[in-house]
Amino acid sequence: MRLANKTAIITGAGSGAGLVMARAFAREGAKVVAVDIRADRLAELEEMIPEVITVTADVSKEEDVDHVVETAGKDLDIVCNNAGILDGMAPVDDTSPELWAHILSVNLTAVYLMCRRSIPVLLQRGGGVILNTASGGGLRGGRAGAAYTASKFGVVGLTQNIAVTHGPLGIRCNALAPGSMATNIGDGVDFKPRGMHLITRDSEAPAPASPEVIAGAAVFLVADEGAHVNGAILPVDGGLLAF
């Protein structure tokens, strides 16, 4: 098993790609600390993976992040910052300051908080791996709403900064950049018709990826096979960025 004897934190693990990552990591032998803001989703995950450790937390809050890392303990090896939310494709002039702050807090500040808190633990272990979920919207400016795009560009920059500054200390930091995914992340989101119109897609663009495809890429990046991959932003989008 590729992740035997590894301890991994996965945020946003209650649904979508995070849930499938949790299952894939556990299958590969990892001790999984699954984090989500919704306790009901974590309860369902526990039924699927009885050995998983679940933590209900809002990872945009420093005290919650502290609790997550303390739960994982000193044997922490892998941190997957996967939690994220959408902004309804709102263009900048339809983005309220409240929406802007909320999207940035969950999609970017939470990643910063988790990295800030977990890196000292990883350094005590002699190294580890951080894997962030960015987006095609963090590589091209016309793939999502303004706040979401800015947040994911921030994740890309933070990922590469950590790779450069902490790579020599034994910490690899990479990011996945999915295109569209067949998950429930958009449930309950008020999508802006104007934003959807402004952000057009080619009619022949690739179909959305399944969460299993994203999880497979995640396992590679955190396992020993990816030992020489650092600072990479890996698009998993079926070639969408080429359109």
Side-chain angles (χ1 to χ4, degrees), residues 1-14 16-36 45 49 51-55 59 65 68-69 71-84 110-112 114-135 138 152 155-156 158-178 181 209-237:
M1 292 187 287
R2 290 183 285 174
L3 301 180
N5 303 314
K6 302 289 187 182
T7 297
I9 291 171
I10 303 175
T11 70
L19 184 152
V20 180
M21 278 186 202
R23 290 165 57 186
F25 282 31
R27 210 165 39 239
E28 292 291 345
K31 169 187 168 184
V32 175
V33 179
V35 184
D36 202 275
L45 178 59
I49 317 171
E51 64 272 24
V52 72
I53 298 169
T54 59
V55 183
V59 289
V65 170
V68 169
V69 177
T71 300
K74 61 182 177 58
D75 294 332
L76 180 63
D77 300 288
I78 299 164
V79 177
C80 292
N81 291 302
N82 173 73
V111 178
Y112 148 73
M114 187 64 73
C115 290
R116 176 180 178 273
R117 182 64 177 79
S118 62
I119 281 175
V121 180
L122 297 177
L123 290 175
Q124 287 289 326
R125 290 276 285 165
V129 184
I130 297 171
L131 179 62
N132 299 323
T133 299
S135 167
K152 293 302 184 178
V155 170
V156 167
L158 181 60
T159 297
Q160 294 181 328
N161 178 265
I162 293 171
V164 170
T165 57
H166 289 75
L169 304 177
I171 295 176
R172 295 191 295 113
C173 188
N174 298 296
L176 293 170
M181 275 193 290
S210 69
E212 287 76 14
V213 170
I214 306 302
V219 169
F220 163 72
L221 286 173
V222 303
D224 289 344
E225 294 97 314
H228 206 59
V229 182
N230 188 34
I233 313 300
L234 178 63
V236 188
D237 63 0

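Throughout, numbering of the chain's residues begins at 1 and tracks the sequence. Just so you know, these numbers use all the heavy atoms, side chains as well, and skip hydrogens, waters and symmetry mates. Bear in mind that the values here come from a model prediction, so they are computed numbers and not experimental data.
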Which heavy atom of [X] sits nearest to which heavy atom of [Y], and what is that distance?
X	Y	value
V68	V35	CG1-CG2, 3.6 Å
A34	V52	CB-CG2, 3.7 Å
I130	C115	CG2-SG, 3.9 Å
G127	I171	CA-CG1, 4.2 Å
L45	A13	CD2-O, 3.6 Å
N132	C173	ND2-SG, 3.8 Å

- side-chain contact (heavy atoms from CB on, under 4.5 Å) between E51 and V32: does it pass, once the steps are laid out? CA-CA 8 Å; E51 64 272 24; V32 175; over 6 Å; no

Please collect all salt bridge (Lys or Arg N to Asp or Glu O under 4.0 Å) contacts where either partner lies in [range], sequence neighbours excluded, each pair once.
range	answer
residues 211-220	none
residues 159-173	none
residues 1-10	R2-E28, R2-E225

If I take atom [atom1] from residue [X] and atom [atom2] from residue [Y], how far apart are they, to the nearest 0.5 angstrom?
X	Y	atom1	atom2	value
N82	I9	CG	CD1	13.0 Å
S118	R125	OG	CZ	13.0 Å
L122	K74	CG	NZ	13.5 Å
I119	L123	CD1	CG	7.0 Å
Q160	N230	CD	CG	10.0 Å

Is a side-chain N or O of [X] found less than 3.5 angstrom from the main chain of [Y], in a donor-acceptor match?
X	Y	result
N174	G231	yes
K31	L76	no
S135	A177	no

- Task: Evaluate the side-chain proximity of L131 to I78: yes if any heavy-atom separation is below 4.5 Å, no if none is.
- Result: no

Could you pull out all donor-acceptor pairs under 3.5 Å where a side-chain atom in residues 16-26 meets a protein atom, sequence neighbours excluded?
none

- Message: Test of understanding: with side chain to side chain contact (heavy atoms under 4.5 Å, CB included), list the residues that count as partners of L234, not counting sequence neighbours.
- Response: L176, A217, L221, V236

- Take T133 and I214, measure what side-chain contact (heavy atoms from CB on, under 4.5 Å) needs, and give me the verdict at the end. CA-CA 10 Å; T133 299; I214 306 302; over 6 Å; no

- Could I get the full list of salt bridge (Lys or Arg N to Asp or Glu O under 4.0 Å) partners for R27, not counting sequence neighbours? none

